[in-house]
Amino acid sequence: MATITKRDYYEVLEVTRTATGEEIKRSYRRKAIEYHPDKNPGDKVAEEKFKEAAEAYDVLSDANKRSRYDQFGHAGVSGASGGGGGYGGGWTMEDIFQQFGDVFAEGFSGGRFSGFTGGFGGGGQQRYVNRGSDLRVKVKLTLKEIATGIEKKIKVRKHVTCKQCRGTGAENERAYATCPTCQGRGQVIQTVNSLFGRMQTAVECPHCSGEGKRITSKCSHCHGEGIVLDEEILTIKLPAGVEDGMQLSFRQKGNAARRGGVNGDLLVAIEEEEHPQFIRDQQDIIYNLVLSFPQAAIGGSVEVPTIDGKAKIKIEPGTQPGKVLRLKDKGLPAVDHHGKGDLLVNISVYVPEKLTKEQEKTIVDFENSPNFQPSDDVIEFIGNKYRNMFG
Ligand SMILES: [Zn+2]
Ligand SMILES: [Zn+2]
């Protein structure tokens, strides 16, 4: 996907970062009316602004998306678009009317509002589209998969379009009769009082859902629903740096809608598998390195595991337990691609549990040596370490 420089969503809607949901909605409605295709026919700039406002509203009106956006910026919400016609990839005007129709509708007195009389792309065929329900799945990832990001194939059971009738719900092409309510036009004319004055609006025929015809003989495979339950393998791209509990949404990869329409979304909840050696702290990875007593005293070079291999680290002579060595950029990438965490190597020291007679004889001489008594500085250092851990 090409890199598009995006404007800040708060800037797009001209609201502060602390704006309430109501303020955001009000501002979006203002923008939607200002740049509405009916008021700006053929104006590509207005169309872009209309779409930009819709995208900003989509994120800022959803608490979950908004907090991800606040934390990670555009990448926090766009990484999930999965290449499948999501953000940036461009919403169609139909998507916008369908998704936010209720927001527009509040500005009008006419109850359910049917997509501003079409307008875009010509045709005047704009109508409310059925939307399939969202599909929720959990995906378990290892820390290593999280470090690189990964493409996963997942098997789901979901509503798909019936192949026999291609989603129409009709047994065959002859199984239709003209709708008596709209005489096949699919629309009926309604007069509404709107912000722009009295408007005659063509609304979807309530009896045939705008199809202009009704089915006389239902598809035997789906019983006229146009959808059936089936298994499907979905390929989804999970960005690097995701966290346990995060939810990513993949537009229109969810359940198919009844008798044509757009799919719901696929909502993927991330679960993180526990790593046998590493503990994750946001973007940092913590590794506990246990040194032998002579290693800690004499120092030397030690190999530690990293998320993608190994690294050699230098142990200074006289290294205390509780000391933390930081390996820059050996942690996890941020989900917004801004920077990387570190690998923190926490030092522990192993004290022998049993000594041979000979070893004991050697060590006992050290016991009274002032060299083997912890200094006040070291006592304070180790004390602080535990205060931080438990405090
Ligand atoms: Zn009709
Ligand atoms: Zn069917």
Side-chain angles (χ1 to χ4, degrees), residues 37-38 84-85 92-99 101-102 104-105 108-137 155-194 198-234 250-266:
D38 277 2
T92 64
M93 298 307 280
E94 196 168 45
D95 282 345
I96 295 170
F97 287 126
Q98 188 229 330
Q99 187 126 352
D102 57 327
F104 303 141
F108 298 79
S109 54
R112 189 173 124 161
F113 192 80
S114 182
F116 281 87
T117 71
F120 250 86
Q125 289 298 319
Q126 198 90 267
R127 59 183 191 82
Y128 251 88
V129 192
N130 288 328
R131 184 178 184 275
S133 57
D134 293 338
L135 188 65
R136 286 165 198 276
V137 294
K155 197 189 213 177
V156 293
R157 201 168 159 71
K158 60 177 256 195
H159 281 127
V160 297
T161 303
C162 172
K163 285 197 180 71
Q164 188 169 310
C165 63
R166 294 194 305 275
T168 61
E171 184 61 22
N172 54 47
E173 292 95 81
R174 296 179 306 281
Y176 290 103
T178 301
C179 169
T181 308
C182 62
Q183 272 108 42
R185 281 194 300 273
Q187 295 179 326
V188 289
I189 300 297
Q190 201 175 63
T191 305
V192 289
N193 295 314
S194 79
R198 263 165 81 87
M199 274 170 68
Q200 285 228 317
T201 313
V203 298
E204 179 184 297
C205 169
H207 288 124
C208 60
S209 307
E211 285 170 43
K213 52 196 178 180
R214 59 198 173 79
I215 293 166
T216 53
S217 174
K218 289 176 178 172
C219 167
S220 55
H221 187 54
C222 64
H223 310 290
E225 295 292 304
I227 47 174
V228 288
L229 265 180
D230 202 2
E231 269 178 359
E232 201 171 272
I233 310 263
L234 298 175
F250 295 83
R251 284 175 59 74
Q252 299 189 7
K253 289 209 172 204
N255 287 304
R258 288 183 71 240
R259 297 227 254 117
V262 294
N263 285 6
D265 295 342
L266 171 70

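Both ligands and their constituent atoms are indexed starting at 1 by order of listing.
- Rounded to 10°, the angle formed at the Zn ion (ligand 2) by Cys222 SG and Cys165 SG is 110°.
- Here His223 does not reach the Zn ion (ligand 2): none of its N/O/S atoms is less than 2.8 Å from the metal.
- Environment of CD in Glu173: sparse, with no more than 12 heavy atoms of neighbouring residues, nucleotides or ligands closer than 6.0 Å.
- With Thr161 contributing its side chain and Ile227 its backbone, the two residues share no donor-acceptor pair below 3.5 Å.
- The angle Cys205:SG - the Zn ion (ligand 1) - Cys208:SG amounts to 100°, with values rounded to 10 degrees.
- Nearest heavy atoms, Cys165 versus Gly226: SG-CA, 4.2 Å.
- Backbone or side-chain N, O or S atoms of Cys219 reach the Zn ion (ligand 2) at under 2.8 Å.
- Backbone or side-chain N, O or S atoms of Cys179 reach the Zn ion (ligand 1) at under 2.8 Å.
- Asp134 contributes no side-chain N or O that, together with a main-chain N or O of Leu266, makes up a donor-acceptor pair within less than 3.5 Å.
- Applying side-chain contact (heavy atoms from CB on, under 4.5 Å) to Lys158 and the options Asn263, Asp230, Leu229 leaves one that passes, Asn263.
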